[in-house]
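In what follows, a single structure is set out as structure tokens and then discussed.
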Amino acid sequence: MAKFTKEEIMRIAHEEGVNFIRLMFTDLFGVIKNVEIPVRQLEKALSNECMFDGSSIDGFSRIQEADMYLYPDLDTWMIFQWNQGEAKVARLICDVYTADRKPFSGDPRGRLKSILGELKDLGFSQLNLGPEAEFFLFKLDENGMPTSETNDNGGYFDFAPLDMAENCRRDIVIELEKLGFQIEAAHHEVAPGQHEINFKYDDVLSACDKIQTFKLVVKSIARKHGLYATFMPKPIAGVNGSGMHCNVSLFNEDGSNAFFDPNGPHQLSETAHQFLAGLIKHVRSFTAITNPTVNSYKRLVVGYEAPVYVAWSASNRSPLVRVPASRGMGTRLELRSVDPSTNPYLALAVILTAGLEGVKNKMVPEPSLNENIFRMTPEELEAKNIQSLPATLQEAVQLFNQDEVMKNALGTHITEKFIDAKTKEYDEYRMAVHNWELKRYMSLL
């Protein structure tokens with residue numbers, strides 16, 4: 001059932017004194033974009049008549065296909081609360097349509113929505129997603145630019161005086177709750193300056209919308225505290241990086257959890273095992289999407305708790321996919337490799353496609369790995385046929401390009417634009433001379 005109608009949004013905007021509307025969408029690389037309109041243009045926007053220049057957006061269209069329409073999703077209507085005393089701003093998240101009124105094949109949100117249709121065809125009602133996005137807080141310099149200095153030296157679950165960001169984190173939580181988020185926990189993470197705020201799961205499309213809203217709120221409130229929030233996976237060498245663990249669960253049409261079977265191994269259903277097997281089969285290929293930056297692979301190394309090896313477990317946290325202890329309606333799979341630099345719509349498109357491939361083809365996963373995978377020798381890993389995730393963005397893109405299932409999940413437009421952009425990104429990185437090289441070789445050679 002829809003949350004809002006066009007008439008209700010018009011009424012609320014008038015009663016609340018809204019001044020501006022942000023028509024928000026997400027580009028290929030997960031960056032939030034928006035066209036801001038005065039409230040007098042709201043009715044036009046709600047009638048799907050607002051256009052923008054798609055040729056100016058990375059990964060969108062060519063110059064001769066520039067004109068595009070923004071179709072607001074009325075259920076995403078939200079009034080931002082942190083601008084009190086200034087012009088009041090609301091937002092609507094939009095899908096992107098071409099000039100001839102067809103869904104744009106390069107719209108990440110639209111791509112995820114198209115895959116949800118396959119979910120229904122297989123007899124499932126929805127995929128639920130509970131994300132755990134970590135971030136760092138850095139001090140700003142006198143010009144308002146981010147420095148490399150964190151604002152505290154706290155560790156896991158620390159509090160003041162070691163955790164100097166308690167008030168900032170609390171203000172983020174307050175703003176999120178004003179916007180309708182159900183916050184479950186907020187705490188300092190392992191590394192200095194690193195934090196995590198968890199919010200309740202939702203259907204996958206709404207959860208991806210919330211991830212984008214979450215990032216916007218975190219960055220906005222951090223600025224008010226004189227700090228810079230970054231979702232860069234590994235901004236500091238030698239400490240833990242930031243992940244975005246994705247807890248996923250399928251639900252049947254009758255509202256039951258399709259992953260739960262009280263009589264199954266680990267109380268997991270056959271569907272859960274098949275979905276898991278699909279994730280394991282395709283994870284090396286879709287890592288380019290879930291970990292899409294050069295920096296992502298500085299996090300995916302042994303020694304900092306991030307998953308490196310392709311395995312699953314119902315009893316420990318070291319493998320790539322973990323089955324948390326909760327059962328019944330809370331039965332879920334936790335994919336631990338994803339990082340917060342990903343485009344959430346594309347990440348969940350490939351994750352869902354991989355899982356459904358396992359269901360459709362009745363795949364069977366390898367047995368659960370119960371020992372600590374980080375302590376296994378190379379010989380033990382090889383004996384159990386445990387592979388590693390790609391070690392670089394270049395390797396990840398090559399693996400993605402070899403997997404037709406994953407490429408079909410994103411479609412020709414997104415696939416070609418993504419591969420081209422990420423190949424160029426890695427080439428730029430490869431040809432750059434870094435400080436490590438200068439320190440290592442300048443005086444030696």
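Counting begins at 1 with the first residue of the sequence.
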Just wondering, are more than 12 heavy atoms of other shown residues or ligands nearer than 6.0 Å to NZ in K219? yes

Output all residues satisfying salt bridge (Lys or Arg N to Asp or Glu O under 4.0 Å) with R170, sequence neighbours left out; order by chain, then residue number. E166

The reported gap from CG in L176 to CD1 in I183 (rounded to nearest 0.5 angstrom) is 4.5 Å

What residues form a side chain to side chain contact (heavy atoms under 4.5 Å, CB included) with M232, not counting sequence neighbours? T230, P235, N295

Which residues pass the ring pair (Phe, Tyr, Trp, His ring centres under 6.0 Å) test with Y426, not counting sequence neighbours? Y429

For a quick test of reading the model, state the closest non-hydrogen atom pair linking A391 to Y297 and the distance between them. O-CB, 3.3 Å

Residue set satisfying salt bridge (Lys or Arg N to Asp or Glu O under 4.0 Å) with D420, at least two apart, ordered chain then number -> K424

I79 side chain reached by I12 side chain, heavy atoms, under 4.5 Å: yes

Between L348 and V248, is there a side-chain heavy-atom distance shorter than 4.5 Å? yes

Side-chain (K407) to main-chain (N401) donor-acceptor, under 3.5 angstrom: yes

What residue pairs, at least two apart or across chains, pass salt bridge (Lys or Arg N to Asp or Glu O under 4.0 Å) with a residue in residues 7-20? R11-E15, E16-K88

P340 backbone acceptor or donor facing K215 side chain under 3.5 Å: yes

Run the salt bridge (charged side-chain N to carboxylate O under 4.0 Å, His left out) check on K3 and D75 step by step: do they pass? CA-CA 5 Å; K3 297 178 183 177; D75 287 347; over 6 Å; no

Does a donor on one side chain sit under 3.5 Å from an acceptor on the other, for Y345 and D209? yes

Passing option when D339 is tested against T290, T293, N291 for side-chain hydrogen bond (donor to acceptor under 3.5 Å, both in side chains): N291

Only counting residues at least two apart or in another chain, list the ones meeting salt bridge (Lys or Arg N to Asp or Glu O under 4.0 Å) with R111. none

F136 and Y228: CA distance, side-chain angles, deciding distance, ring-ring contact (aromatic ring centres under 6.0 Å, His included) verdict: CA-CA 8 Å; F136 279 83; Y228 183 81; over 10 Å; no

NE2 (H266) with more than 12 external heavy atoms under 6.0 Å: yes

Using modelled atom types only, decide if a donor and an acceptor are shared between the side chain of Q194 and the backbone of A191 within a distance under 3.5 Å. yes

Residues at least two apart in sequence or cross-chain that pass salt bridge (Lys or Arg N to Asp or Glu O under 4.0 Å) with R40, listed by chain then number, are none

Is the ring centre of F135 less than 6.0 Å from the ring centre of F231? yes

Who are the side chain to side chain contact (heavy atoms under 4.5 Å, CB included) partners of V405, not counting sequence neighbours? H282, T353, E357, D403

Applied to residues 319-336, the side chain to side chain donor-acceptor pair (under 3.5 Å) test, sequence neighbours excluded, yields H245-E334, N247-R332, R322-E334

Contact between L137 and H195 at the side-chain level, heavy atoms closer than 4.5 Å - yes or no? yes

Take the angle between the ring planes of F199 and F181 and call it parallel below 30°, perpendicular above 60°, tilted in between. perpendicular

Report the C-alpha separation of E49 and R101 in whole Å, then their side-chain angles, then the decisive distance to 0.1 Å, and conclude whether the salt bridge (charged side-chain N to carboxylate O under 4.0 Å, His left out) test is met. CA-CA 10 Å; E49 295 297 336; R101 301 287 185 172; 3.1 Å; yes

Run the side-chain contact (heavy atoms from CB on, under 4.5 Å) test on V89 and R22 for me, step by step, so that the C-alpha distance in whole Å, both residues' side-chain angles and the decisive distance to 0.1 Å come before the verdict. CA-CA 7 Å; V89 179; R22 284 182 174 178; 3.9 Å; yes

Tell me if the CD atom of E253 is crowded by more than 12 foreign heavy atoms within 6.0 Å. yes

For the student: nearest non-hydrogen atoms of P307 and L320, plus distance: CB-CA, 3.7 Å

Filter on salt bridge (Lys or Arg N to Asp or Glu O under 4.0 Å), then keep only pairs touching residues 124-143, sequence neighbours left out; what's left? K139-E149

Residues which pass side chain to side chain contact (heavy atoms under 4.5 Å, CB included) with D202, listed by chain and number, not counting sequence neighbours: S206, A207, K210

Does a side-chain heavy-atom distance below 4.5 Å link F251 with L127? no

Given salt bridge (charged side-chain N to carboxylate O under 4.0 Å, His left out), test E118 with K360 step by step and report yes or no. CA-CA 11 Å; E118 184 177 356; K360 288 187 291 186; 2.4 Å; yes

Can you tell me how far OG1 of T287 sits from CG of L393, rounded to the nearest 0.5 angstrom? 11.0 Å

Side chains of K44 and I37: does their closest heavy-atom pair fall under 4.5 Å? no

Run the side chain to side chain contact (heavy atoms under 4.5 Å, CB included) test against A258 and tell me which residues pass, sequence neighbours left out. F124, L250, N252, T271

Side-chain (R91) to main-chain (T76) donor-acceptor, under 3.5 angstrom: yes

